[in-house]
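Here is how names work: the chains are called A, B, and so on, in the same order as the sequence lines, proteins then strands, and each is numbered from 1. All figures in this text were calculated on a predicted structure; none of them were measured in a lab.
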2 protein chains.
Amino acid sequence: MSSEFRFSIKKTDTLRNQIYQDIKDAVISGKLKPGQRLREQDLSRDMGVSRGPIREAILLLEREGLLVTQTHRETTVAHVEKVEVDQLLNPLRVLLESYCIQTILPRLNEAHFSDLDNILNELIEACKNSDLSAIVKKDLQIHEYLVALTEEPYLISLWSGVSSRIVFHFINNSHVHQQNDFSQLIDEHRELLDAIKTKDWAIIEPVLRRHIY
Amino acid sequence: MSSEFRFSIKKTDTLRNQIYQDIKDAVISGKLKPGQRLREQDLSRDMGVSRGPIREAILLLEREGLLVTQTHRETTVAHVEKVEVDQLLNPLRVLLESYCIQTILPRLNEAHFSDLDNILNELIEACKNSDLSAIVKKDLQIHEYLVALTEEPYLISLWSGVSSRIVFHFINNSHVHQQNDFSQLIDEHRELLDAIKTKDWAIIEPVLRRHIY
DNA sequence: AAAATTGTTATTGTTGACAATTACAATGAG
DNA sequence: CTCATTGTAATTGTCAACAATAACAATTTT
């Protein structure tokens with residue numbers, strides 16, 4: 001009989017992907033503010049890696065619209081204005097999510113509804129604790145769950161880019177969106193899930209369109 | 001009076017952007033076939049540049065869905081299947097273009113219509129000559145013109161990514177879409193432009209939805 | 001001979017040094 | 001003093017060498 005013991009080899013992702021995620025998290029969580037400059041050398045020193053993978057990570061985030069790079073000059077954290085969220089990003093999100101939900105509608109079953117209910121309950125819990133970070137996370141997770149069901153990598157990455165910029169905006173403008181009362185947020189999501197459970201697009205569509213995160 | 005003479009300084013774009021465009025053109029035009037492998041070293045040697053900017057260009061094209069990279073293994077030209085065009089890319093394109101057209105509708109004027117008519121005439125000319133490359137280019141140009149009018153860089157880049165993959169599919173499957181007769185292509189575009197000239201979304205929407213490149 | 005192991009090679013991932021570009025400060029001319 | 005010019009420093013863009021990884025061939029074990 002062979003030993004039960006195994007060395008747990010932590011196979012690391014590429015540096016580029018780790019850096020990408022680190023910067024993205026820092027931006028979305030609000031640790032890096034809009035307009036703030038990112039110097040490749042500083043990041044290199046802070047993270048203890050060379051500039052190569054940092055440049056690649058920055059390049060990706062620039063394409064996603066979270067950073068802005070001026071050639072030969074500098075890269076800064078993007079500004080995401082309310083008007084862009086209202087007139088472009090959120091309509092795009094609705095567009096993408098509409099397509100996702102319509103696509104997966106025939107495949108939706110009780111197991112999915114149960115998963116969604118669980119996330120909703122976690123969202124409610126987060127609201128009770130007024131844990132803004134958790135609220136944003138759980139809110140996103142509901143939508144992400146639906147999008148991921150399509151199993152279309154390109155569609156998922158498109159949605160991911162759009163929604164991360166929306167979240168970024170709300171995090172940096174939480175003072176504007178005075179949400180000391182989260183009841184509306186919960187109601188909207190409950191309404192959305194109830195609509196989805198009918199599996200009737202005619203019922204879902206108007207709810208989704210009205211739903212502004 | 002000072003001399004009229006000026007040295008024409010050709011300010012070069014970054015290598016990364018040039019390489020990006022070169023590879024993209026090669027893929028979209030069909031010079032690189034789906035599944036074909038791209039070796040960084042080969043590209044480096046052929047183009048006479050180091051692997052740095054090549055890696056960055058490849059990274060961007062991977063995110064656009066024109067290349068597929070397996071970490072530590074290889075990157076190949078993507079396969080874009082008919083089912084993906086029909087069920088995802090083209091609906092996305094319609095979604096994006098719908099949003100674009102609705103946005104710019106109030107601002108559209110005779111000058112724009114004139115521009116569009118000119119491109120349409122060039123498309124008709126290309127069809128007469130059965131110049132597939134020119135046909136694809138002019139076809140794209142009509143849509144691009146409308147999208148560009150939004151002046152939303154993020155939206156434009158989104159559309160650009162989606163449409164380039166659609167074009168890529170059609171170029172690599174031209175034998176499937178036996179288009180020895182381009183009259184339908186011309187009719188559809190003429191119909192679309194006529195609809196747009198009414199500036200009535202209720203008229204435009206069904207035409208756009210029916211229009212499959 | 002089949003399966004597991006080891007070594008080899010091709011290729012991508014990462015690094016630190018160098019080149020090119022831009023902004024800004026210092027200098028000089030009107 | 002104001003404007004143009006030149007030099008300098010900070011930063012990004014590019015390069016060539018090195019490290020890490022994964023596929024495959026060679027070897028050994030059963």
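- When rounded to the nearest whole Å, the span between CD1 of B:I54 and P of D:dA16 equals 11 Å.
- The number of heavy-atom neighbours closer than 6.0 Å to CD of B:Q70, taken from other residues, nucleotides and ligands shown, is above 12.
- To the nearest angstrom, P of D:dC15 lies 12 Å from CE of B:M47.
- In terms of modelled atom types and a separation under 3.5 Å, the side chain of A:T150 and the main chain of A:C100 share no donor-acceptor contact.
- One atom, CZ of A:R51, and another, P of D:dA17, lie 19 Å apart when rounded to the nearest Å.
- The stretch residues 56-76 of chain B comes close to DNA chain C through B:T71, B:H72, B:R73, each having a heavy atom under 4.0 Å from the strand.
- Nucleotides of DNA chain C with any atom under 4.0 Å from a heavy atom of chain A span, from 5' to 3', C:dT14 to C:dA23.
- In summary, B:E188 and B:R210 do not engage in a salt bridge, as defined by a charged side-chain N under 4.0 Å from a carboxylate O.
- Only B:R37, B:L38, B:R39, B:E40, B:Q41, listed by number, bring a heavy atom of residues 31-45 of chain B to less than 4.0 angstrom from any atom of DNA chain C.
- If you take CG of B:L15 and P of D:dA16, they are 12 Å apart, rounded to a whole angstrom.
- If you take CZ of B:R55 and C1' of D:dA16, they are 14 Å apart, rounded to a whole angstrom.
- The side-chain contact (heavy atoms from CB on, under 4.5 Å) test with B:V80 singles out one residue from B:V167, B:L89, B:I171, and that residue is B:L89.
- Residues B:Y154 and A:G161 share a closest heavy-atom pair of OH-C, 3.7 Å.
- Between B:E64 and A:R63 a salt bridge is recorded (basic side-chain N to carboxylate O distance below 4.0 Å).
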